[in-house]
Amino acid sequence: MSSYNPKEFEKEWQKRWKENHAYKVENHSTKPKYYVLDMFPYPSGAGLHVGHPLGYIASDIVSRYKRHKGFNVLHPMGFDAFGLPAEQYAIQTGQHPAVTTAQNIARYKEQLDNIGFSYDWSREVQTCDPEYYKWTQWIFCRLFESWYDKSADRARSISELEEIFNKEGNATVNAHSDETPVFTAEEWKAKNHEEQQQILLNYRLAYLADQMVNWCPELGTVLANEEVKDGVSERGGYPVFRVNMRQWFLRITAYAERLLDDLDTIDWPEPLKEQQRNWIGRSEGASIFFELAPGYSDLTPSPSPKERGDAEPGWKGTSQEDWKTLMPFARENRKNNTEAENELWQLLRDNKLGQRFRRQHAIGKFIVDFVCLPAKLVVEVDGSIHDSEENKELDAGRTYELEQLGFKVIRFTNDEVLKNPYSVRDQIKAALAASPLSFGEGSGVRSENGISAGEDAGLPPSPLERGRGEVRIEVFSTRPDTIYGATFMVLAPEHELVQQITTAEQKTEVEKYIEYAGKRSERDRMSEVKTVTGCFTGAYALNPFTGKQIPVWIADYVLAGYGTGAVMAVPGHDSRDYAFAKHFGLSIVQVVTDKDNSVSIDEEAYEAKDGILINSDILNGLAVPEAKKRIIAELEKLGIGKGKTNFRLRDAGFSRQRYWGEPFPVVYRNGLPYLVDESELPVTLPDVQSYKPTGDGSSPLAAIEEWVNTPNGKRETNTMPGWAGSSWYFLRYMDPNNANEFASKDIVDYWQNVDLYLGGSEHATGHLLYVRFWTKFLYDIGKIPVAEPARKLINQGMIQGVSQKIYRALPDEDGKIPLIYSIKDKGNYTSADAYEIFVSEEAAKDGYPSKLQLIHVPIIHVDNGVLNIQSLIKDDIDLISDKDSNVFITKYGAWYANSATYEMTFENFFDYSDSEVLHKDFYTVPEIEKMSKSKWNVVNPDDMVEKYGADTLRLYEMFLGPLEQSKPWNTNGIEGVYRFLGKLWRLFFNDKGEFEVSDAEPTKEELKILHKTIKKTAEDIENFSFNTTVSAFMICVNELGQLKCNKRAVLEPLLVCLSPYAPHIAEELWARLGHTEGILDVQFPEFNNQYLVENSFSYPVSINGKTRVQIEFPLDASEDSVKDGVLANETVQKWLEGKPLKKFIFVKGRIINVVV
RNA sequence: GCUCGGGUGGCGGAAUAGGUAGACGCGCAGGACUUAAAAUCCUGUUGGCAGCAAUGUCAGUACGGGUUCGAUUCCCGUCCCGAGCACCA
C-alpha cells in the first residue's frame, strides 16, 4: 500500500466525482465566470487516440486552476454528431446512423472519463439530437427572415424591409443583396404575393440560388470549397465537378468586412487570423468599364455555344459528357414538376398533338421543359422567377443558344398554363404546324395555318442584336492608378463576352484556345510548370484615358471566378501581365517609377506600391496612393467606373444531398420556399429504407413521399451541412435543456462568450469562420450580448503517429505479378493467386514492371531477415487468409506463401550473396503523419491509462513540449513522469511504508522551494506553458525529497498546485491528509515573495564577456564595494594579468563583467 | 513564387525588456542496496585538447557578417525544415 499504484484509487475517485456531481456548474453565481471550451469531437468509429486528449487535458488544467482561483468555470463537452462518416457507414451496413453514432459517443465518453476530465456532463450537447437541432433550424429561420442593411451595418428583419418597400420601394434600400431591379412602392404593391416573395429571396440572408457548386457524384453531394482539394473531395478523394444546382446559401459575404475587422479584437493565433484574412480576401481598387473600339465592326457573330469541341452542331448537340452531367438533374426535374408543367404534360403526352413530346430533355447544355424533336420545337413553362431582369436575360441567352441549334422556342408562364391550358395547347399546335418536320419520328402531320410561334413569343433580342456600342467590358483593378499603362485587356476564356466580340478571323483560334484552356486547368494543377498561353480575340477596346485602341485577349491566367473575369493588363507593373506581354510581343509602358526615377522595366515589372506616377497625364508626379484616389474620382466623374472593394469570400453553400443532417424547416409551394410554422420545429428526420445517395442530386429523403408531402407544400429534401450545428453549440452549453429558447437571455448575458477556446488549426477557414458569422448574426438580432464567440483561442498541435508504408504490386490484366531479379529465375512464382509482392520505395523508383499501390502497414518486425507476417497482416488489410505465414523481402519484392502448409524460408528463394540488400528501409517508408485507423499508427489512450494511470498520461502529454507544437507520439519519456508521481507519493510515507506527515514548522529552505513552485505554476498556467510547469513540479519534488520533507504545511499547498494536472493523486493524498471535503474547490495557495528574497547573491563574474568565477555579495552591497571585492579576487587577478581595467559592469542581482 | 512559423546535446525540450546556454525528462555509462532480479537511490553525460585526478583550456545555440562590456535573444545576408496561400488582377 505504500507504493504508488494509481489503479487503486483513480477509478474510485472518478466514480465519486460522478456520484457527487463534483463538476456540475451553476448558471448563477457571485463568482466571476470563466468559460473554457474544447472543439467538440466528431465521434468516429475508431475511438479516441492519444492525440485527441492533448487539448482536452490543457483545457481541463485551466478549468481546474481557474476553479481553485475562485471562478465559476463552465467546461462542457459534447459531440458534433451529424456527418458523412456515419452515413457512409450506414450505406455500407444498413445500420441507422443514429445507432452507430450513439455507440461511438458512448465509447468516446468512456474514454474521456478514463482520463478524469472535469466536464459537466449534464450540459452535454449532440448536434443530431432533435432537441438540439430544433434550434439549429430555428436559427436558419431567423436567417431566412433577415436581410443585411449596409447603412446600419447589421442584419434586420425582413418584415422591416417589406415596410420600406411598401413605403418607398427599394431605391433607398442599401442592402447586401442579389441584383434587383429598382421598383417604387406602387410597383411593389402591384406585384402579386409570389412575385414579392421572389424579390424578397434576393435579400434574405438564407436564400435559394442556382449556382455552380462542387458536385461529387461518388458521395452524392455538394461540397464546400474547403472540402475540395485539387479537384477531388477531401474525404475519399473522389472526383468533383462544377455543376449548376439550386441550393440554399447563407449570405456570409454580408459579414465579410466585419469578420475581417473584428479579427483585431480577438486574441487568436496570428497564423490563424492570417488564414481568415486570406480567405476573406479583401482588396481595394476600382471597377472600370472599357468600351469596345468602334473599329471592330467587321466581326461576324460566332454563335456556336461553347461545346468544348466534342459535339456536333444541331440538336444532337448534347455531348455525352454534358448528358452524363445533365441527366440526373433531368430525372430529378421530372419528379419535381411544377403544377403548370404537369398540367401541360397531360395535354402533350402520348402523341396527343400528333407528335411525340419529351419532357425535361437535355438539349445542348440545357434541360428544356418540353421538346418535340422531329419538329425541333421547344416549349418552356416558367414560374414568376423568370420575371426578373436578370433571368429574362438568362432566358434570352438560352433561347438564343437553342435557336443556334436549330430549335424554335416558345415560352409560357405558369399562370398562362394554369388559367388557359387549352389556349396554350393551341398555340403549341400552331407552332408545330409551322415547323418544318425533320424526317423519321412522328406521323408528319402538318397543320393548316402557319403561324410562327417563335416570332410570336415576343423574345427580347439576343445580345448580338443590340447596338454594338453598348458592349462594355468591366474589370476590377487594385491599381487603377496604372491605367495609363494598360496596353491590352485579358478576359477569362469562360467570359460571357468572348463569343460575342471574337472576330471571324480569330474565331477558330479562339475556340481552339477555349478548348485547350478547359482541358489544361486539370493538367496544370498536376504540374507546377507555368506556361504563358493566350489568344487574341480580334477585338479592340478603348483605353478611356490614353484614348488608344488596345487589343483584347483571352488567357487562362485570368480567372472567371474572381472579380469580373476580365482585367486591364498593365504589363509594366504586374508580373503576370509582363510575362504575357513579353511572350506575345505586346507593348509595355512604364507609368510608375521610384523617387530617383531609377526604375527599369526591361527585365521585370515594377510592382512596388510606393512609387511616383509618370507618363500618366493628369496623374504625373503623384504618389501611388494619391494617384489612386485621383483616378477613382475621375472615373466616377466620367461615369465609367467607381471605387470598389472586392472580396474573395463567397456565400456559403448550405445544402447537402444527404440523409444524416438537419432537415430544413422549409416547404415549397409553387416553387417558392416558405418556413414551416415555428410550432412544427423541430422538423425531424424520418426513417428511410436506404441511405444511399440517389446519384441524381437529391437526398435519400426525397424518396419518402409521406414525409415530403405536407398539407402546406413539399418539404425541402436536402439537409444542412456538417458545420450548421457546430456554428452555435458554444451557446447551447450555457443553457442546454431550455425547451423554449436556444438559450435564455439572462444566462447568455452571464456567460457572454468563451474565454478560452482550444482546438486544431485545421478549422481556420471552416468552422471558425462560420461560428463567427453566426455569432455576429445572433448579436445583430439582439439574442446575444457579444459579437465574437471566443476571446482567446489556442491551436493545440497535432500528435502524430509514425506510420509505415510499403509498395504493393498489383496484378496485371492476366492476373500475374512480375517477379524480377533472381526470384524470376527460380521459376513459376508469378501467379497472383499464390503470392503477393511488396516492393521497396527504391524499386518503385526504378520502375518496377507492374502497377504499384502505396499502402499503410502496421509496424513491421524483421528477425534474421524473416518478416513476421503476424505483425504485417491484419484482417482489415485483407492481404492473406493465413496469418502464420512468413513474408520475404528483397530489394525488389517481399512475398509469402498463401498456403499455410507451404513453408518457405528465405534461403529457398534467395541467394544469400545478395542478402545485404535486405534492409528495412528498402521496403518500408516510415513517415510521421496524422494518427488514423487506416494508417495503423494509432495509440489508444486507454492503453496508457491502463499501464501508467490517468495522471501519468495527463502529465506526460503536457510534458511532451509546447502545446501549440505538433510532435510525433513516442512513449520514451512516460516512465520519467510515472517515476515523478512515485516520488511525490513517497514524500507522504515513512520508511516502513506507513502514511506519515509531520506538523512541524517548515524551514526557510522548504518554504522557498514551495513558493518557487507556486509562483511558477500560476505563471505558467496563465501563459499556457504547461510543459515547464511539469518540470517545476519535478524539481520541487526532487528538492523536497532531498530534504526528506514530509511537512503538512509544505505538502498541502503543493497538492493544490498539482491538482489541476494530476487530480486523482492530489485528491487521494488530500483525503489521506484527513480532509473530508475534496480538493477541487480549495483556494489556490497564495504566492509570498518574502520566502524567495535572498540577502546575498552569487554573482557570475565574467572577464571580457567570459564567465570565470562566482563571487557572493550581499544584495544591498554598493557598486564600489563589489568592485573592490571583485578586483581583490584571486581568479580575477589571474585573468587581469596586471592589465589596466577598462570598464566595470555591475548589474545588481544579475552579473558582473570586467573589461580589460 | 508570396506570407507566417522554426533550426539549441544521442532524443523530447528549457532559457529571449540582451546578462552563468543546455533546466526538467528520456537514453546511455558507472555505482549503492540485494543471494539475485525488480523497485529505489547516488554520480557522470555538448564537443575537442591536456591531465592518473581534482581540474584546466579552447570551441560551441543552422551558416556568414554587424551592433554591444556582453548576442541563442537585436539588425543585415545565405541555407535548410514545417505550415498556409497560390495565377485574387
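Computed from a predicted model, the values in this text were never measured in an experiment. In the text below, chain A, chain B and the rest are named by the order of the sequence lines, each starting its count at 1. The basis for the numbers below is simple: all heavy atoms, side chains too, and nothing from hydrogens, waters or symmetry mates.
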Aromatic plane relationship, [Y] with [X] - under 30° parallel, 30 to 60° tilted, over 60° perpendicular:
X        : Y        : result
A:Phe995 : A:Phe989 : perpendicular
A:Phe476 : A:Tyr562 : perpendicular
A:Trp985 : A:Tyr4   : tilted

Checklist entry - Any chance CD of A:Glu1005 has more than 12 other-residue heavy atoms, nucleotides or ligands included, within less than 6.0 Å? => result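 No - once you tally the heavy atoms of other residues, nucleotides and ligands closer than 6.0 Å, there are 12 at most.
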
Name the nucleic acid region contacted by [X], choosing base, sugar-phosphate or nothing; use a 4.0 angstrom heavy-atom cut-off, strictly under.
X         : answer
A:Ile1035 : sugar-phosphate
A:Leu960  : sugar-phosphate
A:Asp577  : nothing
A:Glu607  : nothing
A:Val570  : nothing

Checklist entry - Any idea if B:G82 is syn or anti, going by the 90°-from-0 cut? => result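 Judged by the O4'-C1' to base torsion, B:G82 sits in anti, the angle falling more than 90° away from 0.
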
Taking only the side-chain nitrogens and oxygens of [X], find out if one of them lies under 4.0 Å from OP1 or OP2 of [N].
X         : N     : answer
A:Arg1150 : B:G18 : no
A:Gln965  : B:G12 : no
A:Asn1027 : B:A14 : yes
A:Ser575  : B:G1  : no
A:Asn1038 : B:G25 : yes
A:Arg979  : B:C26 : yes
A:Arg648  : B:A86 : yes

Side chain of [X] only, please: which of [options] is the nearest?
X         : options             : value
A:Pro962  : B:A89, B:A14, B:C4  : B:A14
A:Lys967  : B:A14, B:U40, B:G13 : B:G13
A:Asn1153 : B:G70, B:G25, B:A89 : B:G70
A:Glu274  : B:U3, B:C24, B:C41  : B:U3
A:Phe959  : B:G19, B:G13, B:G25 : B:G25
A:Pro1100 : B:C87, B:C41, B:U20 : B:U20
A:Leu559  : B:G19, B:C85, B:A89 : B:A89
A:Val1147 : B:U40, B:A89, B:G19 : B:G19

Say we look at [N] and [M]: how far apart would their [atom1] atoms be, to the nearest angstrom?
N     : M     : atom1 : value
B:A54 : B:C69 : P     : 38 Å
B:U72 : B:G22 : P     : 12 Å
B:C49 : B:C42 : C1'   : 30 Å
B:G31 : B:C24 : C1'   : 23 Å
B:C79 : B:G64 : C1'   : 11 Å
B:G10 : B:U68 : P     : 34 Å
B:A23 : B:C11 : C1'   : 16 Å
B:U20 : B:A15 : C1'   : 11 Å

Measure the distance from [atom1] on [X] to [atom2] on [N] and round it to the nearest whole Å.
X         : N     : atom1 : atom2 : answer
A:Ile1152 : B:G70 : CD1   : C1'   : 14 Å
A:Tyr557  : B:A86 : OH    : P     : 19 Å
A:Phe1033 : B:G25 : CZ    : P     : 14 Å
A:Leu272  : B:U3  : CG    : P     : 20 Å
A:Tyr978  : B:A39 : OH    : P     : 11 Å
A:Phe1146 : B:G19 : CZ    : P     : 17 Å
A:Glu1039 : B:C24 : CD    : C1'   : 11 Å
A:Phe980  : B:C26 : CZ    : C1'   : 16 Å

Checklist entry - Counting distance only, does the side-chain N/O of A:Arg954 pair as donor-acceptor with the main-chain N or O of A:Tyr1061 below 3.5 Å? => result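 Confirmed, A:Arg954 side chain pairs with A:Tyr1061 backbone.
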
Checklist entry - Closer to the 5' end of RNA chain B via nearest nucleotide, is it A:Val1155 or A:Thr564? => result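 That would be A:Val1155.
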
Next on the checklist: Need to verify one output field. Residue with the more 5' nearest nucleotide on RNA chain B, A:Tyr562 or A:Glu975?
Outcome noted: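 Whichever sits nearer the 5' end wins; that is A:Glu975.
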
So do the side chains of [X] and [Y] get within less than 4.5 Å of each other, counting heavy atoms only?
X         : Y         : result
A:Leu1054 : A:Leu984  : yes
A:Tyr255  : A:Leu649  : no
A:Leu1058 : A:Ile1065 : yes

Checklist entry - Strictly under 6.0 Å, is that where the ring centroids of A:Phe488 and A:Phe580 end up? => result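 Yes, ring centres under 6.0 Å apart.
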
Checklist entry - How long is the gap from CG on A:Asp1020 to OG1 on A:Thr1029, to the nearest 0.5 Å? => result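 Rounded to the nearest 0.5 Å, the CG-OG1 separation comes out at 4.0 Å.
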
Item to check | Straight-line distance of A:Phe647 CZ to A:Leu259 CG, nearest 0.5 Å | outcome: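 Atom-to-atom, A:Phe647:CZ and A:Leu259:CG are 9.5 Å apart.
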
Checklist entry - Using 4.0 Å as the upper bound for N to carboxylate O, is an ion pair formed by A:Arg277 and A:Glu274? => result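 Yes.
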
Between the protein and nucleotides 55-60 of chain B, are there any N/O to N/O pairs under 3.5 Å, and if so, what are the atom names and distances?
residue: B:C58; atom: OP2; partner: A:Arg1108; partner atom: NH1; Å: 3.3

Checklist entry - Taking both distances under 3.5 Å as the test for a Watson-Crick or G-U pair, what stems of at least three pairs does RNA chain B have? => result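 So far as stems of 3 or more pairs are concerned, RNA chain B shows B:1-7 with B:79-85, B:10-12 with B:24-26, B:27-32 with B:40-45, B:46-50 with B:55-59, B:62-66 with B:74-78.
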
Next on the checklist: For a salt bridge (Lys or Arg N to Asp or Glu O under 4.0 Å) check, start with the C-alpha distance between A:Glu1039 and A:Lys1012, then their side-chain angles and the critical distance, and finish with the verdict.
Outcome noted: CA-CA 12 Å; A:Glu1039 289 177 347; A:Lys1012 205 172 65 182; 3.2 Å; yes

